Amino acid sequence: MRKKPIKPNTSKQKQQHMTDAASVGNDNVEFICQKCHKHEEIPREIVIMLDGSDLAYSPDQPPQFVCEDCGGAMSPVYYRNELGYEFRLEDK
């Protein structure tokens with residue numbers, strides 16, 4: 001017997017559902033340099049590994065990398081860490 005998919009009730013739930021669906025199967029996390037605006041795709045496995053091994057790890061802070069071009073801070077466009085914290089660039 002086939003199960004019916006759960007339908008989101010509110011527009012916020014619908015938006016979250018679309019975001020979650022878009023990230024399924026996506027093996028990269030998009031980062032943008034805050035200084036020169038360079039885009040870079042970093043493999044999700046690398047982001048997770050480095051996020052968890054950071055000595056100054058704070059689960060409520062997004063992972064950041066250093067831009068190879070200008071040395072600026074690169075922040076994720078969207079990332080959800082292993083503890084469920086979500087980070088969106090537009091939230092900054």
Side-chain angles (χ1 to χ4, degrees):
M1 183 171 218
R2 240 176 146 172
K3 293 182 180 180
K4 291 184 179 180
I6 298 172
K7 293 183 180 179
N9 296 332
T10 66
S11 61
K12 187 173 183 176
Q13 287 174 326
K14 289 177 184 177
Q15 180 64 33
Q16 184 60 46
H17 181 69
M18 294 301 289
T19 301
D20 290 344
S23 66
V24 172
N26 187 353
D27 294 327
N28 295 316
V29 178
E30 181 182 7
F31 281 76
I32 297 178
C33 177
Q34 299 300 303
K35 190 174 179 182
C36 73
H37 307 288
K38 174 185 175 184
H39 289 248
E40 187 171 336
E41 298 278 330
I42 299 177
R44 185 173 302 280
E45 290 178 4
I46 300 297
V47 175
I48 291 169
M49 180 184 70
L50 294 177
D51 191 25
S53 67
D54 184 2
L55 295 176
Y57 180 66
S58 179
D60 60 342
Q61 296 296 315
Q64 290 191 329
F65 293 92
V66 175
C67 179
E68 294 175 353
D69 291 350
C70 72
M74 296 193 81
S75 299
V77 173
Y78 174 81
Y79 175 67
R80 183 185 338 203
N81 69 15
E82 297 293 303
L83 298 175
Y85 288 92
E86 288 188 340
F87 307 100
R88 297 174 194 273
L89 192 58
E90 68 263 11
D91 291 344
K92 285 190 158 199

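Note: hydrogens, waters and symmetry copies are ignored here, and every other heavy atom, side chains too, is used. Everything quoted here is computed from the prediction, not taken from an experiment.
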query: With sequence neighbours excluded, what pairs up with His39 under the side chain to side chain contact (heavy atoms under 4.5 Å, CB included) test?
result: Glu30, Ile32
query: Partners of Glu40 by side chain to side chain contact (heavy atoms under 4.5 Å, CB included), sequence neighbours excluded?
result: Lys38, Ile42, Met74
Can you name the closest pair of heavy atoms from [X] and [Y] and give their distance?
X	Y	value
Asn28	Arg44	O-NH2, 3.5 Å
Cys33	Cys36	SG-N, 3.3 Å
Tyr78	Val29	O-CG1, 3.7 Å

- request: Applying side chain to side chain contact (heavy atoms under 4.5 Å, CB included), run through Gln34 and Leu89 and close with a yes or a no.
  value: CA-CA 10 Å; Gln34 299 300 303; Leu89 192 58; 3.4 Å; yes
field: Partners meeting ring-ring contact (aromatic ring centres under 6.0 Å, His included) with Tyr79 (sequence neighbours left out)
entry: none
- line: One should read off an interatomic distance between Asp51 CG and Gln64 CD, to the nearest 0.5 angstrom, of 10.5 Å
field: Reported CG-to-CD1 distance for the pair Asp27 and Ile46, which is rounded to 0.5 angstrom
entry: 12.0 Å
Transitive ILVMFWY side-chain link Val66 to Leu50, under 4.5 Å: no
message: Any heavy-atom pair between the side chains of Pro62 and Ser75 that's under 4.5 Å?
response: no
